[in-house]
Amino acid sequence: MRCASAAANVFRPGDVVLLRDVLRPSLAILSGPLRLPTDTEDKPPSVCTHRGEVRHTAILNAHPRTLVKSHTAGATFVVTFPTLEEFVNFRKRKATPIYAFDAAATVALADIHIDEREHTVFEFLEAGTGHGSLTLAIARIIHAANANLDKNAPRKAVLHSVDRNKDHATYGVKNVREFRRGLYAADVDFHAPSTPSEYLQSRLKSITDHGDSHTAFLSGAFLDLPSPELEVEVVARCLKTDCPLVVFAPSITQIVDVIEAVRAKNIQLSMCKVVELLPGMGGSMREWDLRRAVLRNPPDRKEEGGSESQEKWVCRPLVGERIVGGGFVAVFRKKLQKTRRDNAGQLER
């Protein structure tokens, strides 16, 4: 459901919008940030489409779902704020994204609940910022905890997103800041260490330097890395008891490598489930073409006095669209850390 407040707004400089061809709605174009023309430009800023250019000035100050025309070809487009799915799918990319519905399913498997009555900060880790799609999915879940805070109040929940590839990290930051006017940008801190373990080790050192014996600080972690098995040991050390570690991988063998690492190193993680995200439009869903269409009657029907055309329902799976998604997700939870006294008792028995 689109936000009612967004529907009441008009497009402003900096907004990213989606243009859909009125005659062919499956053809959509995502703009860059809208802006006003400058005195030094020979050509005003425009959105380039398959049917001409639409000037930014034709979109600015218009309401969502306004119809605009390309000034070169006269084609008509409807302009809206992009959904998260549209933003991820149509955005130019420097890294392969986890598509929006798959990202939402991945976050749902973590089963995140933030209790604002608890006097603590809920911290989450995402290793592999990449395109920023999983970043946005996690931030959307934790955003409510920060939405009604006073301006100078500390955040109740924060996502630490790390990526060693500075180009990917920079572009992920840009995507988060440009989606819905940066709605979720304040919920995320971005870091660019050489490895996720390096960042976590620095946090652990900072905690112990302050004399705190409780070093676990993460309420959840998400790994989207080529070799996640190399990071799980340090991540598990930072997780609070019963908090989730979610691993996304395009190959089932990567999940097996993580499970083997947990067993070989006796990492305090319990595997809960492994699921496959099926290809399609993402989230194990298939989109359907459901619409009323005007169908012309064949010539023999005209001779019988029938009308030249009639309206019929088209009901069929949508074909010719982008097929996205797919991959595997493993969910682990942090085991209860046993004390030395517990271990001694076990030996005595």
Side-chain angles (χ1 to χ4, degrees), residues 1-94 97 99-101 103-104 131-133 135-137 139-140 143-144 146-152 170-188 190 291 321-322:
M1 180 181 291
R2 291 184 185 271
C3 179
S5 62
N9 285 334
V10 296
F11 296 120
R12 307 198 300 250
D15 285 344
V16 173
V17 301
L18 189 81
L19 289 82
R20 282 196 180 274
D21 191 325
V22 170
L23 297 181
R24 299 181 65 187
S26 61
L27 298 177
I29 302 94
L30 193 70
S31 77
L34 301 178
R35 60 185 180 85
L36 293 167
T38 63
D39 295 335
T40 58
E41 289 181 306
D42 295 330
K43 184 179 178 182
S46 301
V47 182
C48 295
T49 78
H50 57 287
R51 299 182 66 197
E53 297 181 355
V54 178
R55 288 178 177 166
H56 287 194
T57 50
I59 303 171
L60 289 167
N61 297 316
H63 289 275
R65 309 211 73 83
T66 294
L67 298 179
V68 297
K69 290 185 177 293
S70 61
H71 69 276
T72 51
T76 304
F77 299 86
V78 60
V79 189
T80 64
F81 285 107
T83 64
L84 181 53
E85 178 206 8
E86 291 165 340
F87 186 85
V88 171
N89 285 0
F90 293 108
R91 187 75 162 174
K92 291 181 180 178
R93 62 196 61 170
K94 293 190 175 181
Y99 290 97
F101 291 130
H131 192 66
S133 54
T135 315
L136 285 165
R140 185 164 63 170
H143 176 73
N146 300 324
N148 297 317
L149 297 177
D150 294 333
K151 185 176 180 180
N152 297 320
T170 300
Y171 200 66
V173 171
K174 177 181 172 66
N175 286 345
V176 171
R177 289 178 177 172
E178 292 184 359
F179 177 72
R180 294 283 176 147
R181 299 172 178 167
L183 176 63
Y184 304 120
D187 303 308
V188 187
F190 293 94
R291 56 189 167 84
E321 289 294 285
R322 185 191 306 229

Problem set entry | Partners passing side-chain contact (heavy atoms from CB on, under 4.5 Å) against Val79 (at least two apart in sequence or in another chain) | Phe11, Val17, Leu19, Ile59, Val68
For this session: Using side-chain hydrogen bond (donor to acceptor under 3.5 Å, both in side chains) as the criterion, list what pairs up with Ser133, not counting sequence neighbours.
Result: none
Exercise. Can you tell if the side chain of Pro37 reaches within under 4.5 Å of the side chain of Pro45, non-hydrogen atoms only?
Worked result: yes
Exercise. Is there a donor-acceptor pair under 3.5 Å between the side chain of Asp150 and the backbone N or O of Asn152?
Worked result: no
Exercise. Partners of Thr40 by side-chain hydrogen bond (donor to acceptor under 3.5 Å, both in side chains), sequence neighbours excluded?
Worked result: Thr38
Seminar exercise, completed: Applying salt bridge (Lys or Arg N to Asp or Glu O under 4.0 Å) to Arg177 and not counting sequence neighbours gives none
Exercise. Which distance, rounded to the nearest 0.5 Å, do you find between the CZ of Phe77 and the CG of Leu23?
Worked result: 9.0 Å
Exercise. If you measure from CZ on Phe179 to OG1 on Thr135, what distance do you get to the nearest 0.5 Å?
Worked result: 12.5 Å
Seminar exercise, completed: Sorted by chain and number, sequence neighbours left out, side-chain contact (heavy atoms from CB on, under 4.5 Å) with Lys174 holds for Arg91, Tyr171, Glu178
Seminar exercise, completed: Distance col, row Leu18:CG vs Phe87:CZ, nearest 0.5 angstrom, shows 11.0 Å
Problem set entry | Inter-residue atom distance Arg140.CZ - Tyr184.OH, 0.5 Å rounding | 5.5 Å
Exercise. If only atom types and distance count, is the side chain of His56 paired as donor or acceptor with the main-chain N or O of Arg35 below 3.5 Å?
Worked result: yes
Exercise. How far does CG of Leu27 sit from NE2 of His50, to the nearest 0.5 angstrom?
Worked result: 4.5 Å
For this session: Identify, with sequence neighbours excluded, every residue that meets salt bridge (Lys or Arg N to Asp or Glu O under 4.0 Å) alongside Arg55.
Result: none
Seminar exercise, completed: For Arg20, the salt bridge (Lys or Arg N to Asp or Glu O under 4.0 Å) test, sequence neighbours excluded, returns Glu86
Exercise. What is the minimum heavy-atom distance between Ala103 and Ala137, and which atoms define it?
Worked result: CB-CB, 3.8 Å
Seminar exercise, completed: Glu53 meets the salt bridge (Lys or Arg N to Asp or Glu O under 4.0 Å) criterion, sequence neighbours left out, with Lys43
Exercise. Listed by chain and number, what are the side-chain hydrogen bond (donor to acceptor under 3.5 Å, both in side chains) partners of Lys94, not counting sequence neighbours?
Worked result: none
Exercise. Could you give the distance from CG (Asn175) to CG (Leu136), rounded to the nearest 0.5 Å?
Worked result: 7.5 Å
Problem set entry | Partners passing side-chain contact (heavy atoms from CB on, under 4.5 Å) against Arg181 (at least two apart in sequence or in another chain) | Asn9, Arg12, Asp15, Phe81
Exercise. Are any of the side-chain heavy atoms of Val16 and Ser31 separated by less than 4.5 Å?
Worked result: yes
Exercise. Quick one: side-chain hydrogen bond (donor to acceptor under 3.5 Å, both in side chains) partners of His143, sequence neighbours excluded?
Worked result: Asp187
For this session: Look only at the side chain of Ser70 and the backbone of Arg51, and say whether a donor-acceptor pair between them is shorter than 3.5 Å.
Result: yes
Seminar exercise, completed: Residue set satisfying side-chain contact (heavy atoms from CB on, under 4.5 Å) with Ala104, at least two apart, ordered chain then number -> none
For this session: Please tell me if the side chains of Pro82 and Leu30 come closer than 4.5 Å, counting only heavy atoms from C-beta onward.
Result: yes
